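Here is how names work: the chains are called A, B, and so on, in the same order as the sequence lines, proteins then strands, and each is numbered from 1. Everything numeric here is computed off the predicted structure, so don't read it as measured data.
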Amino acid sequence: MKKYFKIWKIIIQNSYIRDSQINGVIFFDILISLFDIVMTVVLIRVIFDHVTDLAGWKYHEVLFIYCIMKLTGAISGFIYSKGLRKVASEQIRKGDYDFYLAKPANPLILVSIGQPRIYLILNILAVIGLLIYSMINLNYQFSLLNIIFFFTLFITGQILFFFLTVISVVPTFWFVRLFALRDIMNRALQFARYPAGIYSKFLQAILFAIFPILVVTYLPAVVLFKAPEISYVIYAIIITIIFAFIAIYLWKMGEKHYGSASS
Amino acid sequence: MKKYYSYLVMCLKSFATYKADYFLYMAINMVFFYISIALWLTVYKSGNISEINTYTISNTITYYLLTSLIFRIDLSGTIYLGEEIWSGQFTNDLVKPWRVISVHLMATLGEVIISLISFIPFLLFMMLTSARYISAPSLLNFSAFIVTLVLAFAMNFFFNLIFHSLTFRYGDRSTMISLVNFVSSFLAGAVFPLAFLSGAYLNFAMLLPFKYLFHTPIEIFLGKMSLGQILSSWAYILVWTLFFYFIFKIVYTTGLKRYDGVGR
């Protein structure tokens, strides 16, 4: 574990040096992300001009759910999503994955942490700002249990999201040119923008169990604002463990299929 | 003319090589449509709303179906002029006996055509699964919708070329181009119908030419514009196209003088 933290520290330092050279690119990248937030806030405002609640959730609660979803996107972008996307777009196709296989460390961890986008810290701060704003406006009194359950589910959700992202890029070992795999998690995360109640029961079942994206963002909000149910926490932990096994197993299968030849 | 046609055919073959990639991309993009249906059905039902600024639930869902179609002719990722200037690959186009911009137009058209063809099965699937909410247009409105899309495509092409040409002077503009397209698509009504806005926000969006990319074609499709309004929209699009073309020409010509062909 200590080894990986050391590697990550060096990667972060390199990333800082690399990103410092392209200030303009980073500036516009951050602006895009901030504008996306503004756009969604406007959309939510437009919706609440016509209704008082959305599937039982008030304006600032919906804003809170959206913040959790954005935070998930920003945290994954900061740590691992670019690295995993590069696996899907380049490393397998060009044979660059050899570089990671030859190292005395877990290649999945190495490729995941290999391309951090440290400037996304600014996005994380902006989203946390919006999150605090929505909480202040809600003026709730949270119990200690609400808060403990929320943080447990939030951290579990982030781990689950990592394994879902891994699963989403695994097909690249078999289909070497499927650039669209890079975008799957971005699109899937869109399901987590709004309360689960807007979806049909059938779709909810899929989004809670088969592709459990709502466990990542919606359940933390439920235990904070609604009922602090221990069953939600247990369910999230069990499903995270299951998906961790699936992701690691599929990745290993993919590695066996990897021919190392570039195309 | 024949050489540009040959170039278009070559581009079509090139883009069609990786069909699986296009199909997967189209499939995952259907997500937005189904989320929008779920969202707006909840809003209309829970708010007991029959119309939002003349938009019924059928109009709203048809609106989102059409935005997913119009996104297929979105130019944010289909023009490579800036990338080629920055990499120096632009020199290859410059020394050949053709007009650089015509060649880029053919490449963009090629990608858009493949994107539209790949989208057809998914469009049919979306239409079938939401058939009871889809408003069908009259033949006249449908024809006017297609004409407006073609005109708006030309306008957007020259608008984007302006920012690509800035690469001559300021270097890599790719993220800036993404930002410009992101903002313009929001102001065009790609995220929700502009009619849902009110007051100053709506007036501001209506002043800009971006409404012709999404809002105006869809309003025509839904039969919300008279023939006179449609014709005047076309005239405005042509004026904006000429305006963007002249700005592009100035930026491109002055930029070309600075081009050293080295690349990065």
Side-chain angles (χ1 to χ4, degrees), chain A residues 22-36 38-40 42-57 62 88-89 168 171 174-200 203-204 207 213, chain B residues 17-49 51-53 55 76-77 118 163 170-187 190-198 201-202:
Chain A
I22 47 167
N23 288 332
V25 174
I26 287 167
F27 174 72
F28 286 113
D29 226 13
I30 290 169
L31 276 185
I32 288 173
S33 200
L34 293 180
F35 189 75
D36 183 44
V38 172
M39 227 163 66
T40 309
V42 172
L43 172 62
I44 296 173
R45 192 61 265 170
V46 165
I47 291 166
F48 277 87
D49 280 345
H50 303 283
V51 289
T52 50
D53 71 273
L54 186 66
W57 294 75
V62 173
S89 62
S168 75
W174 285 270
F175 307 96
V176 284
R177 199 209 187 265
L178 269 181
F179 290 172
L181 290 174
R182 295 177 302 184
D183 286 330
I184 283 186
M185 288 314 288
N186 273 343
R187 299 294 185 269
L189 201 53
Q190 303 306 316
F191 279 111
R193 266 175 187 254
Y194 307 108
I198 69 163
Y199 304 116
S200 65
L203 192 54
Q204 281 186 43
L207 296 174
I213 198 77
Chain B
T17 312
Y18 299 105
K19 289 183 275 293
D21 205 25
Y22 269 101
F23 276 108
L24 182 62
Y25 188 70
M26 298 301 153
I28 61 175
N29 271 299
M30 289 198 300
V31 161
F32 290 109
F33 176 65
Y34 288 106
I35 294 175
S36 302
I37 289 187
L39 176 68
W40 288 103
L41 274 176
T42 310
V43 171
Y44 276 83
K45 278 181 186 165
S46 66
N48 208 11
I49 301 162
E51 276 186 3
I52 300 177
N53 297 346
Y55 272 70
S76 55
S118 324
F163 297 96
Y170 301 107
D172 185 17
R173 296 287 92 191
S174 55
T175 46
M176 182 193 174
I177 293 165
S178 301
L179 175 68
V180 168
N181 278 290
F182 201 56
V183 175
S184 65
S185 63
F186 175 70
L187 294 167
V191 180
F192 56 84
L194 289 180
F196 289 4
L197 290 171
S198 53
Y201 298 111
L202 180 64

Starting at OH of A:Tyr199, measure out to CG of B:Leu39 and round the result to the nearest 0.5 Å. 8.0 Å
Do the two ring centres, one from B:Phe196 and one from B:Trp40, sit under 6.0 Å apart? yes
CG on A:Asp183 to CG on A:Leu189, rounded to 0.5 Å: 12.5 Å
Counting heavy-atom pairs under 4.5 Å to chain A, which of B:Leu24, B:Asp172, B:Ile37, B:Asn48 comes out on top? B:Leu24
Take atom OH in B:Tyr170; do more than 12 heavy atoms of anything else shown fall under 6.0 Å from it? no
After noting the C-alpha distance and the side-chain angles of A:Val62 and A:Phe48, does the key distance pass the side chain to side chain contact (heavy atoms under 4.5 Å, CB included) rule? CA-CA 10 Å; A:Val62 173; A:Phe48 277 87; 3.7 Å; yes
Region of B:Ile49 in contact with chain A, defined by heavy-atom distances below 4.5 Å: side chain
Pick whichever of A:Ile198, A:Ile26, A:Val46 has the most heavy-atom pairs under 4.5 Å with chain B. A:Ile198
Of the backbone (N, CA, C, O) and the side chain (C-beta and beyond), which part of B:Leu197 lies under 4.5 Å from a heavy atom of chain A, both, or neither? side chain
Does any backbone or side-chain atom of A:Tyr194 lie under 4.5 Å from a heavy atom of chain B? Answer side chain, backbone, both or neither. side chain
Contact origin within B:Phe32 toward chain A - heavy atom pairs under 4.5 Å: side chain
Under 4.5 Å, counting heavy-atom pairs only, tell me which of A:Leu31, A:Leu43, A:Asp29 racks up the most with chain B. A:Leu43
Which atoms of A:Asp49 are under 4.5 Å from chain B, going by heavy atoms: the side chain, the backbone, both sets, or neither? neither
Tell me which of these, B:Val43, B:Leu41, B:Val183, has more heavy-atom pairs under 4.5 Å with chain A than the rest. B:Val183
Going by atom types alone, do A:Gln190 and A:Arg187 pair a side-chain donor with an acceptor below 3.5 Å? no
Taken to the nearest 0.5 Å, the spacing of B:Ser76 OG from B:Phe182 CZ works out to 10.0 Å
